[in-house]
J.: 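Take this structure, written in structure tokens, and hold onto it; I'll ask about it next.
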2 protein chains.
Amino acid sequence: MNLKSQVEWALHCCAILAGLPEGRHLAAKDLAELHGLPKEYLSKAMQSLSQAGLVATTLGPQGGYRLAQAAEKITFLDIVEAVEGRRNTFACQEIRKNNPCRPAKQRETKPCAIARVMWEADEAWRDRLRRVSLAELVETVGREVPKAVLERTAEWIAARS
Amino acid sequence: MNLKSQVEWALHCCAILAGLPEGRHLAAKDLAELHGLPKEYLSKAMQSLSQAGLVATTLGPQGGYRLAQAAEKITFLDIVEAVEGRRNTFACQEIRKNNPCRPAKQRETKPCAIARVMWEADEAWRDRLRRVSLAELVETVGREVPKAVLERTAEWIAARS
DNA sequence: CTAATTACGGATAACAAATATCCGTAATAC
DNA sequence: GTATTACGGATATTTGTTATCCGTAATTAG
Ligand code: FES
Ligand code: FES
């Protein structure tokens with residue numbers, strides 16, 4: 001039960017894009033270099049973000065990615081679900097139907113008791129992720145990462161966007 | 001990001017064992033037949049439960065599994081973690097270290113801001129599962145499953161334990 | 001004691017998902 | 001026109017899940 005590593009990549013990339021000057025774009029090539037990731041595969045994750053409407057893209061030279069919404073509007077959950085999908089972690093296989101003591105014709109009206117509990121836990125997980133915005137992440141990073149690194153990274157990005 | 005199907009199997013089997021008459025055991029063969037599952041593979045899940053101290057086993061004829069603790073003491077989380085392990089769903093790969101603008105020697109004192117948020121969500125998920133006991137599941141099932149099915153299943157089990 | 005039954009653990013195979021690469025296409029800036 | 005970019009399809013590699021097989025040791029019934 002692991003999230004794909006693309007989830008981490010997408011979160012890092014969104015945090016970077018949130019700090020991008022207005023009207024600028026950053027290419028997948030640069031995002032990959034900045035995080036030490038395989039460019040082609042990272043761009044699959046970016047495509048997921050694009051399809052989810054979280055980032056906007058521009059083609060051609062000086063093109064690339066930017067946020068499509070305000071960082072305050074984008075939540076962790078948005079990003080996680082964009083790349084990971086919206087399935088529950090628990091999949092009820094309805095093995096209760098295999099009980100030989102049950103009449104075959106019996107049809108279930110509601111989800112089983114086990115699945116309901118598991119899905120509540122999944123919902124609690126989502127709830128927590130929904131409560132943290134990309135803007136909050138950026139603020140925390142701004143507080144915790146050394147100023148020198150932040151500045152040099154900002155320059156690095158400015159030189160390529 | 002899916003839980004293994006063994007998680008469902010373990011939950012169903014624990015619910016069955018919770019209804020077992022005192023001092024009786026139920027063999028993996030019967031648990032597998034009752035749920036329509038591959039016996040050999042199900043027994044791997046049962047071994048996980050055994051190693052976690054949730055079920056106790058007896059060898060030989062009339063042997064098998066029984067709960068090792070009161071159903072009130074066993075939580076969903078106990079069962080899930082027994083078969084799924086205790087890893088977080090999110091694994092921080094520390095790709096922040098790949099930022100070329102960071103001094104190589106810099107060492108991190110605390111987990112990164114992204115991982116902290118993701119792990120809080122994982123903890124919220126666990127919290128929810130910790131709050132539901134096996135006894136509560138059994139009670140819910142007793143309320144929702146038709147009496148006839150419950151009785152026939154109880155007889156089926158009694159005949160083999 | 002003997003034979004049947006049971007959980008356990010190691011080895012291994014089949015299958016699915018995650019990870020990764022490659023490349024052709026279309027759009028865009030200069 | 002040329003270089004650059006995102007996109008999507010095809011495919012390979014690696015890892016994890018699912019599943020089976022079988023030998024070992026413990027236990028019970030007769
Ligand atoms: S029938 Fe097994 S969890 Fe729903
Ligand atoms: S460095 Fe990427 S999540 Fe921790």
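The chains referred to below are lettered A, B, ... by the order of the sequence lines, with proteins before strands, and numbering in each begins at 1. Basis for what follows: all heavy atoms, side chains included, without hydrogens, waters or symmetry-related copies.
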J.: Do any pairs count as a salt bridge (charged side-chain N to carboxylate O under 4.0 Å, His left out) and have a residue in residues 109-119 of chain B, sequence neighbours left out, and if so which ones?
T.: E144(A)-K110(B), E144(A)-R116(B)
J.: Among residues 16-36 of chain B, which ones have heavy-atom contacts with DNA chain C below 4.0 Å?
T.: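 Residues of residues 16-36 of chain B that come under 4.0 Å of DNA chain C are, in numerical order, A27(B), A28(B), K29(B).
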J.: Is I16(B) reachable from I74(B) through a run of hydrophobic residues whose side-chain heavy atoms are each under 4.5 Å from the next?
T.: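 Shared cluster, yes.
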J.: Mind checking what makes side chain to side chain contact (heavy atoms under 4.5 Å, CB included) contact with C13(A), not counting sequence neighbours?
T.: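 For C13(A) the side chain to side chain contact (heavy atoms under 4.5 Å, CB included) partners, ignoring immediate neighbours, are L31(A), H35(A), L42(A), M46(A).
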J.: With the sugar-phosphate defined as primed atoms, P, OP1 and OP2, and the base as all remaining atoms, what B/S/- string results for nucleotides 23-30 of chain D, 5' to 3', for protein heavy atoms under 4.0 Å?
T.: ---BBB--
J.: Between atom CD in Q93(A) and atom C1' in dT18(D), what is the gap in whole Å?
T.: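 One finds 12 Å between C1' of dT18(D) and CD of Q93(A), rounded.
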J.: Side chains of residues 54-71 of chain A: which donor-acceptor pairs under 3.5 Å do they make with residues two or more places apart or in other chains?
T.:
residue : atom : partner : partner atom : Å
T58(A)  : OG1  : H25(A)  : ND1          : 3.3
T58(A)  : OG1  : H25(A)  : NE2          : 3.1
Q69(A)  : NE2  : G53(A)  : O            : 3.2

J.: For V80(B) and F90(A): C-alpha separation, side-chain torsions, deciding distance, then whether side chain to side chain contact (heavy atoms under 4.5 Å, CB included) applies.
T.: CA-CA 10 Å; V80(B) 170; F90(A) 182 83; over 6 Å; no
J.: Which atoms form the tightest heavy-atom contact between V7(B) and E84(B), and what is the distance?
T.: CG2-OE1, 3.5 Å
J.: Quick one: L37(B) CG to dT17(D) P, roughly how many Å, whole number?
T.: 18 Å
J.: Where do T140(A) and A113(B) come nearest, in terms of heavy atoms and distance?
T.: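 Nearest pair, atom of T140(A) first, then A113(B): CG2-CB, 3.8 Å.
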J.: From OH of Y41(B) over to P of dG10(C), roughly how many Å is that when rounded to an integer?
T.: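 Nearest whole value for this atom pair: 16 Å.
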J.: When the distance from NZ of K4(B) to P of dG16(D) is rounded to whole Å, what number comes out?
T.: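 Between P of dG16(D) and NZ of K4(B): 10 Å.
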J.: Under the side chain to side chain contact (heavy atoms under 4.5 Å, CB included) test, which residues partner S43(B), sequence neighbours left out?
T.: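 Side chain to side chain contact (heavy atoms under 4.5 Å, CB included) list for S43(B), sorted by chain: A28(B), Q47(B).
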J.: Would you mind reading off the distance between R160(A) atom CZ and dT4(D) atom C1', rounded to a whole angstrom?
T.: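 It is 16 Å, rounded to the nearest whole Å.
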J.: Heavy atoms only: give me the nearest M1(A)-L3(B) pair and the separation to one decimal.
T.: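 Reported closest heavy-atom pair: SD-CD2, 3.1 Å.
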J.: Got a sec, which residues hit salt bridge (Lys or Arg N to Asp or Glu O under 4.0 Å) with R87(A), two or more places apart in sequence or on another chain?
T.: none
J.: Among residues two or more places apart or on two chains, list those pairs meeting side chain to side chain donor-acceptor pair (under 3.5 Å) that have a residue in residues 123-137 of chain B.
T.: E120(A)-R128(B), D122(A)-W125(B), N88(B)-R126(B), E123(B)-R126(B), E123(B)-R130(B), D127(B)-R130(B), S133(B)-E136(B)
J.: Does dC7(D) have OP1 or OP2 under 4.0 Å away from a side-chain N or O of Y65(A)?
T.: yes
J.: In whole angstrom, what separates L3(B)'s CG from dT18(D)'s P?
T.: 10 Å
J.: Between atom NZ in K39(B) and atom C1' in dT18(D), what is the gap in whole Å?
T.: 16 Å
J.: Among residues 43-57 of chain B, which ones have heavy-atom contacts with DNA chain C below 4.0 Å?
T.: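 Nucleic-acid contacts, sorted: K44(B), Q47(B), S50(B), Q51(B), T57(B).
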J.: How many Å lie between CG on L42(B) and C1' on dT20(D), as a whole number?
T.: 14 Å
J.: Checking W9(B) side chain against L37(B) main chain: does a donor-acceptor pair fall under 3.5 Å?
T.: no
J.: Partners of E139(A) by salt bridge (Lys or Arg N to Asp or Glu O under 4.0 Å), sequence neighbours excluded?
T.: R143(A)
J.: Check side chain to side chain contact (heavy atoms under 4.5 Å, CB included) between E94(A) and all other residues, then give those that pass, not counting sequence neighbours.
T.: C92(A), R96(A), K97(A)
J.: I'd like a table of atom pairs between the protein and nucleotides 13-17 of chain C - only N or O on both sides, under 3.5 Å - with the distance next to each one.
T.:
none

